[in-house]
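Here is how names work: the chains are called A, B, and so on, in the same order as the sequence lines, proteins then strands, and each is numbered from 1.
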Number of protein chains: 2
Amino acid sequence: MLQKLKATPPQTLPERLDNSLNNLVGYVMRRVQIRITQDLTNRLEEHDIRPAQFAALTIIEQSPGLMQADLAKTLAIEPPQAVLMVNKLEARSLAMRIRSNPDKRSYGLFLSKTGEQLLKQLRDVALESDLNATSALTSDEREQLLTLLNKLYGDK
Amino acid sequence: MLQKLKATPPQTLPERLDNSLNNLVGYVMRRVQIRITQDLTNRLEEHDIRPAQFAALTIIEQSPGLMQADLAKTLAIEPPQAVLMVNKLEARSLAMRIRSNPDKRSYGLFLSKTGEQLLKQLRDVALESDLNATSALTSDEREQLLTLLNKLYGDK
DNA sequence: TATTGTTATACTCTATAACTATA
DNA sequence: TATAGTTATAGAGTATAACAATA
């Protein structure tokens, strides 16, 4: 009898707050993110490009002449990592370092013509991959997701 | 004149479809995910526990007696990785392998009393971290995000 | 023969310290 | 002295091949 009275206790906590990992945004997001990245990695593989390299090419195109330090900060990687990344892009003649600044310690980073042309293709590949990896969502839901994610990242 | 007539072309593509990385769910999600994981890693550090170990403890608690192969599959890691993980948990007496199955090749994995008690604390830490890392969202928005993420992961 | 768990190994990604050349 | 870029190195995390014990 007493037990029955307690069967529906006041729901003070949000519905999802049980003991499962599925209620942690970080955990669920990690699983999803791994899957999305895998799809992109596979598709970029035939161009011998890693997702991070694609991001670097995009950033250089959007801010031609930027310094390596700026590239590192934008990609949230350490300067030594940026060196290796730019080395590879330069070795493939996709981007180049040019000593153009008044400060002769720094380089300006630019895309080559080849880099621009490749990036144009990669953009299509990346968008197709991203739409495919999120095809379980409607177009509206995908927009909502992007809005929520950008809101989470917004106030760095 | 002609230009003016073309000024507002039919909007066939979604609004966000420009050339930016910010329109790729995978890219934006990666940045967010790194930040959330960093917060959790920092908070678990004082317990000398990595996020993956926390997940392993949770899974073992939810399915006591499971085999290492099952743990590996649930965590989406390779069997050799599961070995190292269970080794560490066992070395700290948080979990244990018990030859309980009819199939004598496999172990059953169980939490120790210590493991259960620690996990109880870790759950609070993890939830607090997750809520903190998503504090830019309202409670409703966070639920929306979880729903969208689970929808993305749903049909494995 | 196939499977569970294991060992050994290697490859990627990432982080830090120390060096160089300019400022 | 401080900063941009670089080198060297080490630590995670992850993936694969090969082996032992059991099925």
Q.
For B:Glu128 and B:Asn132: C-alpha separation, side-chain torsions, deciding distance, then whether side-chain hydrogen bond (donor to acceptor under 3.5 Å, both in side chains) applies.
A. CA-CA 6 Å; B:Glu128 191 178 335; B:Asn132 174 66; over 6 Å; no
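- No side-chain N or O of A:Asp140 forms a donor-acceptor pair with one of A:Gln144 less than 3.5 Å apart.
- Each of A:Leu127, A:Ile49, A:Leu40, A:Thr58 was compared with A:Leu122 under the side-chain contact (heavy atoms from CB on, under 4.5 Å) criterion, and only A:Ile49 meets it.
- Contacts between residues 89-110 of chain A and DNA chain C, counted as heavy-atom distances below 4.0 Å, involve A:Pro102, A:Asp103, A:Lys104, A:Arg105.
- Legend: side-chain hydrogen bond (donor to acceptor under 3.5 Å, both in side chains) pairs involving residues 108-122 of chain A, not counting sequence neighbours: none detected.
- Distance CD (B:Glu78) to P (D:dA17): 11 Å, rounded to an integer number of Å.
- Rounded to an integer number of Å, the gap from CD1 of A:Ile77 to P of D:dA4 is 15 Å.
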N/O donor-acceptor pairs under 3.5 Å from side chains in residues 68-84 of chain A, not counting sequence neighbours:
| unit_1 | atom_1 | unit_2 | atom_2 | d |
| --- | --- | --- | --- | --- |
| A:Gln68 | OE1 | A:Arg97 | NE | 2.8 |
| A:Gln68 | OE1 | A:Arg97 | NH2 | 3.1 |
| A:Thr74 | OG1 | A:Asp70 | O | 2.9 |

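- For the segment residues 67-75 of chain B, the set of residues with a heavy atom within less than 4.0 Å of an atom of DNA chain C comprises B:Met67, B:Gln68, B:Ala69, in numerical order.
- Side-chain contact check for A:Leu44 versus A:Arg50: every heavy-atom pair is 4.5 Å or farther apart.
- Ion pairing between a basic and an acidic side chain is recognised when a charged N comes within 4.0 Å of a carboxylate O; B:Arg35 and B:Asp39 show no such pairing.
- Side chains of A:Thr37 and A:Gln33: a donor-acceptor N/O pair is present below 3.5 angstrom, by distance only.
- Along DNA chain D, the nucleotide nearest A:Asn87 and the nucleotide nearest B:Pro79 are compared for position; the residue whose nucleotide lies closer to the 5' end is A:Asn87.
- Alongside A:Ile98, the hydrophobic cluster contains A:Met96, A:Phe110 (criterion: ILVMFWY side chains under 4.5 Å).
- A:Arg35 places its CZ atom 16 Å from the P atom of D:dT14, with the value rounded to the nearest Å.
- In summary, of the residues considered (A:Asn101, A:Leu109, A:Asp103), a side-chain contact (heavy atoms from CB on, under 4.5 Å) with A:Met67 occurs for A:Asn101 alone.
- Bounding nucleotides for the chain B contact on DNA chain C, 5' to 3', at a heavy-atom distance below 4.0 Å, are C:dA2 to C:dT14.
- Spacing between atom CD of B:Gln53 and atom C1' of D:dG13 amounts to 12 Å, rounded to whole angstrom units.
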**Q.** From CA spacing to verdict: side-chain contact (heavy atoms from CB on, under 4.5 Å), B:Arg92, B:Asp48
**A.** CA-CA 10 Å; B:Arg92 290 184 56 188; B:Asp48 195 19; 3.7 Å; yes
